[in-house]
**Q** 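Just passing along the structure, written as structure tokens.
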Number of protein chains: 2
Amino acid sequence: MSLSANAAIGRPRLFDEEAVLAKLTALFWRQGYSQTSMTEIVKISGVHKPSLYRTFGTKEELFAIVLRRYLAERIGMFTALIEQAGPGIGGVHRFLELFEGDAISERGRDGCLMVMASNELRGSLAGYDFSADYRRQMGEQIRILLARALPEAVPELIQARTDLLVTYLLGLQVVLRSGADAEEIHRYFHAVHVTADTW
Amino acid sequence: MSLSANAAIGRPRLFDEEAVLAKLTALFWRQGYSQTSMTEIVKISGVHKPSLYRTFGTKEELFAIVLRRYLAERIGMFTALIEQAGPGIGGVHRFLELFEGDAISERGRDGCLMVMASNELRGSLAGYDFSADYRRQMGEQIRILLARALPEAVPELIQARTDLLVTYLLGLQVVLRSGADAEEIHRYFHAVHVTADTW
DNA sequence: GGACTTTGTTACTGAGAGGTACCAAATCCT
DNA sequence: AGGATTTGGTACCTCTCAGTAACAAAGTCC
């Protein structure tokens, strides 16, 4: 399902949609939605305004596209980290370590675009409740991690642990975006390591 | 420390600063900083623009005043809830119940102004790192709650539990602002009740 | 080659943003 | 009473915002 209906007819597009969306994702992620102007978007993307509007629609529609793309990418990252972490309770600790590595990176300090957009747009945009979608898909991934880590636990307990971890991770993104230093960030990771030890 | 240097000389002010700040806090809290215009601020406050600028400075300075005021009020709420919750591990559960009552209220659905502003302004405004201030003061309150709840725990453990709860509560505000329904909100509270039972 | 279609580029629009100049009104001090 | 000082209120400023009209350029199809 491409954005352009018929790619063969007419003058060929000089820019790559995916590359532009990747750049704009980073831009929105850094600055937020309403604090990013179309002028900046034109500058960063290298695509002139009428082309942007023809391709992606209004600023709001463009941001919705960015959000859907980011959501899939983000969940993919969770899947990869959980895969890499392995089974057992050690897998939970390894997952947290991998997550911390990403968190203290340059991009990690921007927090999570979903959390940022949830706060700015109250979780939905143009009728699409992206925030609920994000929590649900994130929960599914965390549940996989915990089900493999705690094979003897009943589903209700797995769910409670999952809900705790999801909420914790959302809060962590708030901290990351707020400019906390590596020491404070590590304290928060330490806290959940300690908690996971009782599981 | 009043905002007006000399209250006696000149025409008396027709509006109450505190009442105006309370209204504007609610407005910023609902809409966010950059999505709230000076025109709206004039309309809600009933104070004309030049008076606002004379009294509170620029929009940015006004918001800084709102943030400091809100921070004190918010920490006061934590203090009150913790006082009301009482000692022992039961105090933690009661604190959470009281907090949930506030969370599912109309205002609770707006989340926390500090969390919202942290996401929008990356934790600081005009050189004031309000976000770090908030986490520190919030941590102090939670530590009091947990120290009374777990009198036999070593300080390191109290600190770890505190850091977990602080991060969890920040994440919860993200969920609240995103428009989650009461059932989902209750699930997240249940998750931390289950965790607190192992303390 | 010529009709058709889509894209790149420039210039522009109306609306709304944050912020202020200016003057009348209301108080205090002498 | 009259200057001094502060506030209320109207009208205005400049700048930037999202969005678009119009036309040239670059392709496909017949």
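Residue numbering restarts at 1 for every chain, and letters A, B, ... go by the order of the sequence lines.
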**Q** Checking contacts here: which listed nucleotide (dT10(D), dT9(C), dG18(C)) is nearest the side-chain heavy atoms of S37(B)?
**A**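 When the side chain of S37(B) is considered, dG18(C) is the closest of dT10(D), dT9(C), dG18(C).
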**Q** Treat primed atoms plus P, OP1 and OP2 as sugar-phosphate and everything else as base, then score nucleotides 23-30 of chain D 5' to 3': B for base contact with protein heavy atoms under 4.0 Å, S for sugar-phosphate contact only, - for none.
**A** --BBBS--
**Q** Between dT20(C), dT7(D), dG8(C), which nucleotide has the shortest distance from any of its atoms to the side chain of K49(B)?
**A**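 My answer, after comparing the listed nucleotides, is dT20(C).
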**Q** Which one, dC17(D), dG8(C), dG18(C), comes nearest to the side chain of M38(B)?
**A**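 Of the candidates, dG18(C) comes closest.
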**Q** Quick test of your reading of the model: are D163(A) and R187(B) salt-bridged, counting only N-O distances below 4.0 Å?
**A**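 Yes, charged N to carboxylate O under 4.0 Å.
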**Q** Could you check which of dT7(D), dT20(D), dT7(C) has an atom nearest any side-chain atom of S51(B)?
**A**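 In terms of side-chain proximity for S51(B), the closest of dT7(D), dT20(D), dT7(C) is dT7(D).
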**Q** Compute the ring centroids of Y134(B) and F130(B), then answer whether they are less than 6.0 Å apart.
**A**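 Judged by ring-centre distance (under 6.0 Å), Y134(B) and F130(B) do not meet the cut-off.
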**Q** Choose from dG19(D), dC17(D), dT10(D) the nucleotide whose nearest atom is closest to any side-chain atom of H48(B).
**A**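 Nearest to the side-chain atoms of H48(B), counting from C-beta on, is dT10(D).
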**Q** Side chain of K59(B), heavy atoms from C-beta onward: which of dG19(C), dG8(D), dT9(C) has the nearest atom to it?
**A**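 Within the option list, the nearest is dG19(C).
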**Q** Do the side chains of S45(A) and F15(A) get nearer than 4.5 Å, heavy atoms only?
**A**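 A side-chain contact under 4.5 Å is absent here.
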**Q** Any base atoms under 4.0 Å from S34(A), or only sugar-phosphate, or nothing? Heavy atoms, all strands.
**A**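 The residue S34(A) makes no contact with any strand.
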**Q** As a test of reading the structure: which of dT20(C), dA21(D), dG8(D) is closest to the side chain of P50(A), going by heavy atoms?
**A**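 Among the listed nucleotides, the one closest to the side chain of P50(A) is dA21(D).
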**Q** On DNA chain C, nearest-nucleotide positions of E40(B) versus L14(A): which is more 5'?
**A**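 By nearest-heavy-atom nucleotide position, the 5'-most residue is L14(A).
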**Q** Are F63(B) and Y33(B) close enough that their ring centres sit under 6.0 Å apart?
**A**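 Yes, close enough.
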